[in-house]
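See below for the structure under consideration.
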Number of protein chains: 2
Amino acid sequence: MLTFVGLGLYDERSITVEGREAIADADRVFAEFYTSRLAGATLEELAAYHGAEIETRDRAGVEGDPEPILEAAAAGDAAFLTAGDTMISTTHVDLRLRADERGIDTEIVHGTTAGSAAASLTGLQNYRFGKATTLPFPYAHGGDGVPASVVETIETNRSRGLHTLVYLDIKVGLGPDGREPGREEYMTADRAAALLREELDALGVAVARAGSPAPVVEADRLSALADRTFGEPLHLLVVPGDLHVIEREALAALAGAPEGALPKPV
Amino acid sequence: MLTFVGLGLYDERSITVEGREAIADADRVFAEFYTSRLAGATLEELAAYHGAEIETRDRAGVEGDPEPILEAAAAGDAAFLTAGDTMISTTHVDLRLRADERGIDTEIVHGTTAGSAAASLTGLQNYRFGKATTLPFPYAHGGDGVPASVVETIETNRSRGLHTLVYLDIKVGLGPDGREPGREEYMTADRAAALLREELDALGVAVARAGSPAPVVEADRLSALADRTFGEPLHLLVVPGDLHVIEREALAALAGAPEGALPKPV
């Protein structure tokens, strides 16, 4: 059996009770933290909390050499841990398909996600979000500024009145010159706002440390957000579309949006 | 303090560890189950699991008379529980704004959601979903069949190659003739497929009991899904857009999609 467990948003207490039990029941526990990571807990804290040895795998160890994970799952109960929900990355789906091909049962234990937190923390309504996008570091997409596809996603959503969740690039073990073990870089919401303001002069909402006990949520023009700092990672940026009355009220009361930065409600 | 706690997807073990601790720390615990509910746990099971008295409020008790909840939050620690994540409904945001106005601190403890599960269970990539929509019972939107806005959302997403998550109507305490205490009705994925097939002849994915130990995930033409049954609620329906190679493979291997029902990969 191979159980994919989403660890949730922030630290060792973000996991569900069901996920905790799945880890306790597993003979071997694997994890990958290159697609995302828990900002509020180290690997050691996580292992101590669960009383389990956690074997971390880098990209090469999951995608290039999944054999040890599959063997553990064929021989007993293996758990595969990821930050947020599981299956967020194609990597995880690929691993599940390989297990399925070999006749290994798979199970999924869901985790809390940035996608849902972006709505619940900002007061923007979940069903009024369009397609999400990811803003990469300029060196990671081989150009300056913002890829055209990111701007197009935001603009297309806005033309339909919809909000856009902009995931911010995470680089673990990779740098401008390729593989760099030990390197970690997280795009901040202020840097993202600075990049995007060159393309559109819009309202933005910075969300820092979603799922932590003290998340920061600040709404203002992108140009104003670009001049602030929001502390430790992980950060998200939301670019709202049209605002309903209560969404507008939430951004003003709960995210400190100045009146002048808010469009009229629809 | 008013802590909004998302109970997660399915039963009493779907909550996060952090959420469980928030309930244990609360002086009074309120809940509403009219916007959604836990299909895998009764109120009594939930209360027994947490060793807490849980005071359920109907729509009138949250929206019309929030005073007792706010007073409990002003006098001590109150928790407000909802299925899935919290803040999914405008009702919750409104309650948070009222607390904020009165100077009551609020906190959010996230829960796992159908939105994320729809991606992780089907193998469809999260960032390739467009705007979600809700399919109401015909009597609830005052017409026959499917509201034009639902079809338009699906078609617009598909024209961009994007998947659509279709939430299925939940009616608790409401019926065709208005208020009906004790009545509960959940739209099933087969009924949704039957309604939608009149509008578009597309691939669909039925997801039943997301977050449970044995979720059902079946992909086929909407007309084929309309002739099946998927068991107990809650159900979801996904209408995929373009499929990447691995998404196509996942629908075939993990959701039993017949080859003829799958479009060519892009």
Side-chain angles (χ1 to χ4, degrees), chain A residues 4 6 8-21 84-88 90 92-94 96-97 100-101 106-113 115-117 119-121 123 125-134 156-157 160 162 167 210-211 213 215 244 246-247 249-250 253-254, chain B residues 4 6 8-21 84-88 90 92-94 96-97 100-101 106-113 115-117 119-121 123 125-134 156-157 160 162 167 210-211 213 215 244 246-247 249-250 253-254:
Chain A
F4 292 84
L9 274 165
Y10 184 68
D11 66 12
E12 71 278 9
R13 294 159 62 243
S14 305
I15 195 170
T16 62
V17 171
E18 187 191 2
R20 193 175 179 184
E21 293 173 358
D85 198 2
T86 182
M87 300 291 145
I88 289 299
T90 306
H92 313 153
V93 181
D94 190 60
R96 190 175 179 210
L97 286 168
D100 185 68
E101 263 170 36
T106 60
E107 264 192 24
I108 289 179
V109 180
H110 301 286
T112 55
T113 61
S116 159
S120 42
L121 288 174
Q125 288 299 292
N126 189 54
Y127 71 95
R128 304 191 63 243
F129 278 74
K131 178 189 183 315
T133 187
T134 299
T156 307
N157 284 338
R160 295 170 68 194
L162 302 177
Y167 291 99
H244 284 177
I246 196 148
E247 293 180 313
E249 213 180 308
L254 307 172
Chain B
F4 292 85
L9 276 164
Y10 184 68
D11 65 13
E12 70 279 8
R13 294 159 62 243
S14 304
I15 195 171
T16 62
V17 171
E18 186 190 1
R20 192 176 179 184
E21 292 173 358
D85 198 4
T86 181
M87 302 290 145
I88 289 299
T90 305
H92 313 153
V93 181
D94 191 60
R96 190 176 178 209
L97 286 169
D100 184 68
E101 263 170 34
T106 59
E107 263 190 25
I108 290 180
V109 179
H110 302 285
T112 53
T113 61
S116 159
S120 43
L121 288 175
Q125 288 297 293
N126 188 54
Y127 70 96
R128 304 191 63 243
F129 279 75
K131 179 189 183 317
T133 187
T134 299
T156 307
N157 285 337
R160 295 170 69 194
L162 302 177
Y167 292 100
H244 283 179
I246 197 148
E247 293 180 312
E249 213 179 309
L254 307 171

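Just so it is clear: chains get the letters A, B, ... in the order the sequence lines come, proteins before strands, and each one is counted from 1.
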Practice problem: Check whether B:N126 gets within reach of chain A through its side chain, its backbone, both or neither, counting any heavy atom under 4.5 Å. | Solution: side chain
Quiz item: Of the backbone (N, CA, C, O) and the side chain (C-beta and beyond), which part of A:Y167 lies under 4.5 Å from a heavy atom of chain B, both, or neither?
Solution: side chain
Quiz item: Of all residues at least two apart in sequence or in a different chain, which pass the side chain to side chain donor-acceptor pair (under 3.5 Å) check with A:E21?
Solution: B:R13
Quiz item: Between B:G115, B:G111, B:A210, B:A119, which shows the greatest number of heavy-atom pairs under 4.5 Å with chain A?
Solution: B:G111
Quiz item: What residue in B:E107, B:H92, B:R160 has the most heavy-atom pairs under 4.5 Å with chain A?
Solution: B:R160
Exercise. Between chain A and each of B:V17, B:L162, B:N157, count heavy-atom pairs under 4.5 Å; write down the option with the most.
Key: B:V17
Quiz item: Looking only at atom types and distance, does a side-chain atom of B:K131 sit under 3.5 Å from a main-chain N or O of A:R128, one as donor and one as acceptor?
Solution: no
Quiz item: Taking every heavy-atom pair that is under 4.5 Å apart, which of A:T90, A:T86, A:D11, A:T134 has the most such pairs with chain B?
Solution: A:T90
Exercise. For the pair A:H110 and B:S116, evaluate side chain to side chain donor-acceptor pair (under 3.5 Å) and give the outcome as yes or no after the intermediate values.
Key: CA-CA 8 Å; A:H110 301 286; B:S116 159; 5.0 Å; no
Quiz item: Is chain A contacted by the side chain of B:F4, its backbone, both, or neither, given a heavy-atom distance below 4.5 Å?
Solution: neither
Practice problem: Return the minimal non-hydrogen interatomic distance between A:T16 and B:S14, and the atom names on each side. | Solution: CG2-O, 3.3 Å
Quiz item: Who among B:I15, B:I108, B:V109, B:V93 has the most heavy-atom pairs with chain A under 4.5 Å?
Solution: B:I15
Self-check item: B:I246, part contacting chain A, at a heavy-atom distance under 4.5 Å
Solution: both
Quiz item: Is there side-chain contact between A:L254 and B:L97, with at least one heavy-atom pair below 4.5 Å?
Solution: yes
Exercise. Go through A:H244, A:E247, A:E249, A:R20 and name the one with the most non-hydrogen pairs under 4.5 angstrom from chain B.
Key: A:E249
Quiz item: chain A: which of B:G6, B:G84, B:A117 shares the most heavy-atom pairs with it under 4.5 Å?
Solution: B:A117
Quiz item: Contact part of B:P213 toward chain A, heavy-atom cut-off under 4.5 Å: side chain, backbone, both or neither?
Solution: backbone
Self-check item: Partner set under side-chain contact (heavy atoms from CB on, under 4.5 Å) for B:E12, not counting sequence neighbours
Solution: B:A41, B:L46, B:Y49
Quiz item: Side chain, backbone, both or neither: which part of B:F129 has a non-hydrogen atom closer than 4.5 Å to chain A?
Solution: backbone
